[in-house]
Amino acid sequence: AQRVTQPEKLLSVFKGAPVELKCNYSYSGSPELFWYVQYSRQRLQLLLRHISRESIKGFTADLNKGETSFHLKKPFAQEEDSAMYYCALSAANSGGYQKVTFGTGTKLQVIP
Amino acid sequence: GAVVSQHPSRVICKSGTSVKIECRSLDFQATTMFWYRQFPKQSLMLMATSNEGSKATYEQGVEKDKFLINHASLTLSTLTVTSAHPEDSSFYICSARGGGGAGYNEQFFGPGTRLTVL
């Protein structure tokens with residue numbers, strides 16, 4: 001079974017401070033990991049995925065297979081980063097279908 | 001990016017009635033659509049996965065006879081909550097994924113539908 005754990009429900013940081021949103025997963029095979037973001041009153045949208053190895057809005061995330069983690073990081077938080085962040089894992093289930101499992105989400109609050 | 005719409009955005013119904021929610025991919029063909037349910041301040045819970053032209057795959061614990069899913073075309077999937085009860089009140093979100101190469105698994109999310117059953 002696949003599982004995604006986001007241990008923090010709320011993370012408050014001051015503007016300009018570094019941000020790290022934690023995500024750990026469990027899956028026996030090779031999953032794809034994603035970070036989704038939901039800004040206030042907006043729909044969920046993809047922020048980044050591990051296979052792209054890109055930086056979006058200053059955020060990066062590295063897949064650490066040894067620690068089964070995919071933490072989201074940004075060196076300097078901005079007020080507009082305040083949002084709900086979901087870590088997600090996509091992998092084939094027993095039926096052969098790609099299934100996405102979401103973590104419980106972390107609310108990032110950037111304090112001016 | 002690709003756009004997914006949902007209709008209606010809000011619906012209030014009486015207990016025992018059925019409610020249909022539509023999910024459309026507006027500018028791409030969605031080979032797979034997903035239906036999620038989100039309780040207040042909780043994460044998204046996958047209810048079912050539907051592939052165009054075939055039966056939906058329901059997650060464990062989701063009643064297929066209560067939550068009817070139809071994916072009749074590459075741009076439309078519908079979720080019908082039959083004989084709705086107050087405990088079905090929730091925020092229902094669909095997402096769509098188009099065809100793509102291996103590893104391309106991005107989902108595009110609709111804005112959600114708030115269902116309130118009185």
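Residue numbers begin at 1 in each chain, while the letters A, B, ... track the order of the sequences.
In terms of heavy-atom pairs under 4.5 Å with chain A, the best-connected choice from B:I93, B:V4, B:T32 is B:V4.
Between the B:E59 side chain and the B:M45 main chain, no donor and acceptor come within less than 3.5 Å of each other. In this structure, B:H71 contributes its side chain and B:S50 its backbone to a donor-acceptor pair below 3.5 Å. In this structure a side-chain-to-backbone donor-acceptor pair under 3.5 Å is missing from B:N51 to B:S54.
Other residues, nucleotides and ligands place more than 12 heavy atoms under 6.0 Å from the NE2 atom of B:H85.
With a 4.5 Å cut-off on non-hydrogen atoms, B:L44 touches chain A through its backbone and its side chain both.
Contact annotation for residues 102-112 of chain A against chain B (heavy-atom separation below 4.5 Å, listed by residue number): A:F102, A:G103, A:T104.
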Which donor-acceptor pairs under 3.5 Å do the side chains of residues 108-118 of chain B make with protein atoms, sequence neighbours left out?
{"unit_1": "B:T113", "atom_1": "OG1", "unit_2": "B:Q6", "atom_2": "NE2", "d": "3.1"}
{"unit_1": "B:T113", "atom_1": "OG1", "unit_2": "B:P8", "atom_2": "O", "d": "2.6"}

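In this structure, B:K20 does not pair ionically with B:E22, as no charged nitrogen and carboxylate oxygen lie closer than 4.0 Å.
Between the CD atom in B:Q107 and the OH atom in A:Y36 there is a gap of 5.0 Å [rounded to 0.5 Å].
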